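As structure tokens, the structure follows; a few thoughts come after it.
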Amino acid sequence: MSLSRLAEKLSLPGSDPNALFLKVVSDIWDAGSNPDGFINLGAAENSLMHAELLEHIHSNIKIPPMALTYGDGHKRVKHAVARFLTRHLKPLTPIEPGHVLVSNGCTPAIESISWACANSGDAILIGRPYYGTFPADVGKRTGVELIPLSFGGVDPMGADAVRAHDEAICAAKKRGQRVAAIILAHPHNPLGRCYGRDALVAYMELCQRHQIHLVSDEIYALSVFENRADTEAPPVPFQSVLSIDPTGIIDPGLVHVLWGMSKDFGANGLRMGFTITQHNQRLRTALQAVFEFSWTSSLSDLVTANMLEDDEWVKGYIQENQRRLSLHHQKVITWAREHGIEYAPGSNAGFFVWANLGAVYRKHCAGPVADLDKAVMDSLIAHKVFLADGVHFGAEQPGWFRIIFSREEDYIEEGLRRIAAAIGEGQSAAAEPPQAVNGGEGGRLHNTAPVLRHEPATNLSTIGICL
């Protein structure tokens with residue numbers, strides 16, 4: 001019995017990219033009922049506002065018969081999303097319902113954009129470090145290649161990084177490969193920063209010059225908060241690419257934005273993603289023609305519309321969510337400083353701190369470490385704490401991990417305690433139980449962005465769910 005080449009690759013024993021993640025989520029820590037379970041600070045979920053979300057859902061849900069059918073063609077939810085994003089993204093041109101394409105999450109939205117803009121064998125560019133599932137989202141089923149770019153000592157979020165994209169496009173042309181698009185995670189995942197206007201304009205000009213698409217993934221657009229820790233320089237505020245006048249910069253038909261309910265509203269389980277393309281009717285028609293492959297539940301449509309239409313509740317929710325994110329971000333940064341852990345400074349968006357755990361781990365090792373990323377991950381898992389590792393996030397320097405802080409305080413504290421134990425005791429950590437704690441070396445803060453040189457594994461069979 002034969003399978004496709006991609007299916008054959010993923011069917012090999014030990015090749016399941018999601019095996020570890022599924023093991024973790026099936027054994028989650030609870031102080032009372034499962035104290036020996038895993039702490040999951042790897043999946044980018046925000047549970048800080050779940051009580052408020054559930055209260056609103058229970059108070060406003062009234063299920064009509066239509067919710068048990070194929071629905072109304074997303075009519076209501078498209079109107080709600082268009083109105084909501086026009087208010088909060090402040091686009092130059094108001095978003096109309098017809099500009100919105102609905103999918104069951106942003107993963108199929110990214111895959112659909114890849115399918116519509118690129119052919120198998122074509123390339124899409126992404127800067128390092130990058131969101132860990134972008135390679136699979138872009139190419140696992142489409143055959144499109146996601147090419148990660150290195151920046152060396154250049155700020156990955158600055159306008160100078162555009163030069164690396166330009167060089168990659170020219171190099172692809174020379175070898176006969178078409179580059180179809182550039183993806184920006186804006187705000188950035190995992191760096192937690194926003195692109196400045198100058199950088200966004202530079203990317204728009206580059207895409208215009210080469211006639212390629214610019215996809216701005218703005219799924220954390222409203223999860224922007226006050227950075228209470230890094231006071232040396234104010235972080236860059238968020239500005240949607242849709243708010244920039246494209247006149248004389250780019251054909252607006254090349255600009256597309258992604259957004260969803262999973263991050264800003266802490267509702268990953270709703271599976272609601274949206275593609276906003278205001279000036280490309282042909283692309284909208286093509287994506288609408290295959291919408292059945294990413295159809296959303298009518299119940300999810302109903303819950304989403306109920307929330308987005310409630311202006312006063314949304315206003316209070318966003319403000320309180322941003323306040324809580326700020327406090328929890330400060331908590332993790334303070335912990336990193338106390339343990340002498342280098343981190344990427346200046347973050348003011350998202351749910352994560354990008355931290356160099358490998359440097360501290362190496363200090364506590366008696367001998368050389370052949371594979372630092374694997375050694376740290378093995379120690380973390382032995383201490384029953386799960387993080388997203390830099391290998392799968394395109395880190396160009398070993399030892400970097402993404403720590404999620406958008407969880408309940410006791411959950412984060414337990415997770416940070418286990419991380420400290422895992423890296424503070426070096427190679428001996430794997431033999432110790434999760435209760436063993438070593439604070440590591442404290443007091444030293446490294447405020448330099450990572451110099452990106454480490455080549456990540458890009459085999460699709462090794463890329464799992466790095467939400």
Side-chain angles (χ1 to χ4, degrees), residues 6-30 34-47 105 107 129-141 146 189-190 262 268-269 351-358 361 369-395 398-407 411-412 414-423 425 427 429-434 454-467:
L6 287 175
E8 286 285 0
K9 184 183 297 185
L10 294 174
S11 70
L12 297 174
S15 64
D16 182 0
N18 302 321
L20 175 59
F21 181 79
L22 294 176
K23 176 183 177 182
V24 169
V25 297
S26 65
D27 183 23
I28 290 296
W29 174 86
D30 181 272
N34 191 25
D36 295 325
F38 276 97
I39 294 287
N40 181 5
L41 298 181
E45 293 183 321
N46 180 6
S47 59
T107 289
Y130 50 76
Y131 167 53
T133 60
F134 270 147
D137 295 349
V138 165
K140 184 181 280 188
R141 297 197 302 180
L146 187 72
N189 179 3
S262 59
N268 301 63
F351 312 150
F352 22 77
V353 170
W354 187 236
N356 185 359
L357 303 182
Y361 179 90
V369 182
D371 187 335
L372 184 61
D373 294 300
K374 183 178 185 302
V376 175
M377 179 60 87
D378 287 348
S379 186
L380 290 168
I381 295 303
H383 281 73
K384 301 295 286 289
V385 58
F386 174 71
L387 301 179
D389 64 278
V391 173
H392 294 116
F393 273 60
W400 289 80
F401 287 75
R402 189 187 71 170
I403 303 174
I404 300 300
F405 56 77
S406 50
R407 303 299 301 269
Y411 195 92
I412 293 175
E414 177 66 14
L416 295 180
R417 186 179 69 78
R418 293 185 184 188
I419 294 170
I423 64 173
E425 295 175 11
Q427 291 177 329
E432 299 293 332
H454 182 56
E455 293 293 330
T458 55
N459 185 334
L460 290 181
S461 67
T462 68
I463 297 172
I465 301 177
C466 303
L467 300 177

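Model, not experiment: these values are computed from the prediction.
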**Report entry** Distance-minimising heavy-atom pair for L41 and R407
**Finding:** CD2-CG, 4.1 Å
Requested in this report: List the steps, then state whether side-chain contact (heavy atoms from CB on, under 4.5 Å) holds for I381 with F38.
Outcome: CA-CA 8 Å; I381 295 303; F38 276 97; 4.2 Å; yes
Query raised in the report: Any idea which heavy atoms bring A395 and W400 closest together, and the distance?
Result: CB-CB, 4.3 Å
Query raised in the report: Do you know which two heavy atoms are closest between W354 and G390, and how far apart they sit?
Result: CH2-CA, 3.7 Å
Query raised in the report: Can you check whether G42's main-chain N or O pairs, donor with acceptor, with R402's side chain at less than 3.5 Å?
Result: yes
Query - Rounded distance [0.5 Å steps], CG in D371 versus CE in M377 - result: 11.0 Å
Query raised in the report: Which pair of non-hydrogen atoms, one from N268 and one from A44, has the smallest distance, and what is that distance?
Result: ND2-O, 3.7 Å
Query raised in the report: Is a donor on one side and an acceptor on the other found under 3.5 Å between the side chain of Y411 and the backbone of N40?
Result: yes
Report task. Specify whether F393 and Y131 have parallel, tilted or perpendicular ring planes, treating 30° as the upper limit for parallel and 60° as the lower limit for perpendicular. Result -> perpendicular
Query raised in the report: Would you say D389 and L380 make side-chain contact, with heavy atoms under 4.5 Å?
Result: no
Query raised in the report: Taking atom OG1 of T133 and atom CG of N189, what is their separation to the nearest 0.5 Å?
Result: 8.5 Å
Query raised in the report: Ignoring hydrogens and geometry, is there a side-chain-to-backbone donor-acceptor pair from S406 to E45 under 3.5 Å?
Result: yes
Query raised in the report: Taking the side chain from S379 and the backbone from I423, do they hold a donor-acceptor pair closer than 3.5 Å?
Result: no
Query raised in the report: Side-chain contact, heavy-atom cut-off 4.5 Å: L20 with F386?
Result: yes
Report summary line: One should read off an interatomic distance between F352 CZ and F405 CZ, to the nearest 0.5 angstrom, of 7.5 Å
Report summary line: Closest non-hydrogen contact found for G415 with I39 is CA-CG2, 3.5 Å
Query raised in the report: Is a donor on one side and an acceptor on the other found under 3.5 Å between the side chain of N34 and the backbone of I28?
Result: yes
Query raised in the report: Are side-chain heavy atoms of W29 and V385 found at a separation under 4.5 Å?
Result: no
Report task. Without swapping roles, check the side chain of D373 against the backbone of G399 for a donor-acceptor pair under 3.5 Å. Result -> yes
Requested in this report: Determine the minimum heavy-atom distance between A43 and I404, stating which atoms define it.
Outcome: O-CG1, 3.6 Å
Query raised in the report: Side chain of R418, backbone of K384: donor and acceptor closer than 3.5 Å?
Result: yes
Query raised in the report: Do L387 and L357 come within less than 4.5 Å of each other through their side chains, counting heavy atoms only?
Result: yes
